[in-house]
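It should be emphasised that the depicted structure is a prediction, and the values quoted were computed from it without experimental measurement. Every heavy atom of this structure was used, including side-chain atoms; hydrogens, water molecules and symmetry mates were not.
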There are 2 protein chains.
Amino acid sequence: MPPAGRPRAFDMECVLEAAMLLFWEQGYEATSLAQLRAATGLSSASLYGAFGSKEGLFKQAVEHYMKGPGGATGVIEDQTVSPREAVAALLHGSIDMQADSSHPVGCLIALSGTMRAPGEEHAGVRAAVTARREADRVRIRACVERGIAAGELDADADIDGVTAMIHSFLLGLSTQLRDGVAATTLHTAVDAVLLNWRRS
Amino acid sequence: MPPAGRPRAFDMECVLEAAMLLFWEQGYEATSLAQLRAATGLSSASLYGAFGSKEGLFKQAVEHYMKGPGGATGVIEDQTVSPREAVAALLHGSIDMQADSSHPVGCLIALSGTMRAPGEEHAGVRAAVTARREADRVRIRACVERGIAAGELDADADIDGVTAMIHSFLLGLSTQLRDGVAATTLHTAVDAVLLNWRRS
DNA sequence: TCACTTATGGATCATCCAATCCGTAATCGC
DNA sequence: GCGATTACGGATTGGATGATCCATAAGTGA
């Protein structure tokens with residue numbers, strides 16, 4: 001049954017999509033409520049009624065991002081391919097997604113929440129994206145461990161080091177793309193990274 | 001001879017240092033003039049008289065950064081060591097600098113100017129830091145070429161790819177450190193990166 | 001038809017923003 | 001000492017900010 005009261009006149013997914021694109025392009029702080037209102041067509045009351053606050057809207061926009069473009073990183077967990085191929089799919093796929101011209105360049109998760117406000121005003125915003133980055137870290141690490149188990153890497157390989165190498169490279173892609181570095185160049189950089197995925 | 005008029009009652013270097021630390025920690029947009037006034041002890045009139053605008057202050061703070069902590073990347077141009085050692089010094093030195101507890105974590109250049117405002121309001125701010133990143137790109141590339149010339153890398157090595165791999169890793173370090181990844185882990189990640197600095 | 005609940009549009013709130021203005025103070029060349 | 005020039009502290013500017021309020025509209029179940 002539908003909830004009591006007047007039903008919403010807008011589609012949540014469409015609103016989250018518009019908000020996501022704005023936050024993606026400009027970041028949380030630089031995106032004003034006036035811009036969000038213009039992009040979504042909603043009034044302040046509707047926005048706050050549905051999401052509680054600008055911060056709440058951002059968090060839901062991040063979830064929307066993860067269900068869409070941000071889901072591209074999920075291939076790292078694909079157990080049907082070799083760990084090495086999973087890493088390759090993660091990196092190449094991430095570049096393709098971030099460079100896609102149908103949305104802002106780069107990755108929302110990699111670019112957001114890197115600055116700190118002394119008053120910890122928007123701690124929730126930072127926490128939302130740092131948690132996603134931490135999740136990526138965990139998944140990459142699991143893949144490295146699978147690589148060792150599969151014999152692709154040395155048994156005594158530095159798990160944390162290899163994980164950090166891959167993740168740091170992944171996080172840097174967004175800035176590279178925003179600086180205008182060609183996606184094709186970054187694809188070849190992935191090949192260079194994967195040279196390290198081997199036994200010594 | 002001293003310039004005509006009443007002399008400044010403050011030290012430019014101290015003011016730039018304080019402003020740099022604020023911009024470093026919080027970024028350009030999130031740093032308010034009120035914070036800058038409190039940190040520097042100057043009035044609005046003095047700040048605007050000396051730097052013209054908030055943007056002008058940021059640009060000079062970036063220059064101040066490059067003369068100080070940001071100068072750590074200069075080791076990549078050291079011709080007295082092997083290209084491989086120059087890259088190692090760049091990456092290890094950058095981690096040490098960024099993790100130093102005497103200032104904000106991460107790199108001002110890597111973290112700033114990655115977001116785009118539609119009105120291009122602070123295009124000068126972005127341009128200031130993107131130019132520095134581009135300069136790093138050029139210097140890393142030159143080092144890769146030296147590596148080929150020195151026989152450390154294959155003659156047909158993918159110069160742009162290796163350059164992008166190193167730079168992307170470098171850019172990702174700031175986010176990793178802000179996320180709490182240990183500097184020691186990143187140092188071992190550098191070792192993993194350098195496994196690629198070899199002939200096939 | 002009648003409460004009840006929720007959503008909407010638009011006006012409005014106090015606050016903060018970057019930037020400017022003004023009267024005064026300090027140092028110059030002369 | 002004197003005019004010119006520059007810097008200073010502090011108040012103030014117009015505008016934008018995130019968030020809230022209120023009257024009204026549009027649905028519900030009884």
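- Of the candidates C/dA19, C/dT8, D/dG10, D/dG10 carries the atom nearest the B/S43 side chain, counting heavy atoms from C-beta on.
- A salt bridge is absent between A/K59 and A/E63; no separation between the charged side-chain nitrogens and carboxylate oxygens falls under 4.0 Å.
- Remark: aromatic rings of B/F169 and A/F169 are distant, center separation not under 6.0 Å.
- No hydrogens or angles considered: a donor-acceptor pair under 3.5 Å links the side chains of A/S43 and A/S46.
- Comparing B/A45 and B/R6, the nucleotide of DNA chain C nearest to each residue sits closer to the 5' end for B/A45.
- B/Q35 places its CD atom 13 Å from the C1' atom of C/dA18, with the value rounded to the nearest Å.
- An OP1 or OP2 oxygen of C/dC17 is reached within less than 4.0 angstrom by a side-chain nitrogen or oxygen of B/S32.
- For A/L22 and D/dG18, the CG to P distance is 12 Å, given to the nearest whole Å.
- Spacing between atom OH of A/Y48 and atom P of D/dG18 amounts to 7 Å, rounded to whole angstrom units.
- Atom pair B/E29:CD and D/dA16:P shows a separation of 15 Å (rounding to whole Å applied).
- Between B/F51 atom CZ and C/dA19 atom C1' the separation is 16 Å, expressed in whole Å.
- Sequence order on DNA chain C of the closest nucleotides to A/A9 and B/K54 puts A/A9 first from the 5' end.
- Annotation: of the two residues near DNA chain D, B/R37 and B/F10, the 5′-most nearest-nucleotide partner is B/F10.
- For a distance-only test at 3.5 Å, the side chain of B/R8 fails to qualify as a donor-acceptor partner of the base of D/dA7.
- Atom OH of A/Y28 is separated from atom C1' of D/dT17 by 12 Å (rounded to the nearest Å).
- There is a side-chain donor-acceptor pair under 3.5 Å between A/T73 and A/R139.
- As rounded to whole Å, 17 Å separates atom P of C/dA11 from atom CG of A/L33.
- Under 3.5 Å, the side chains of A/R137 and B/Q176 contain a donor-acceptor pair of N or O atoms.
- Taking atom CG of residue A/L47 and atom P of nucleotide C/dG9, one finds them 11 Å apart after rounding to whole Å.
- Side-chain N/O atoms of B/S46 include one lying less than 4.0 angstrom from OP1 or OP2 on D/dC8.
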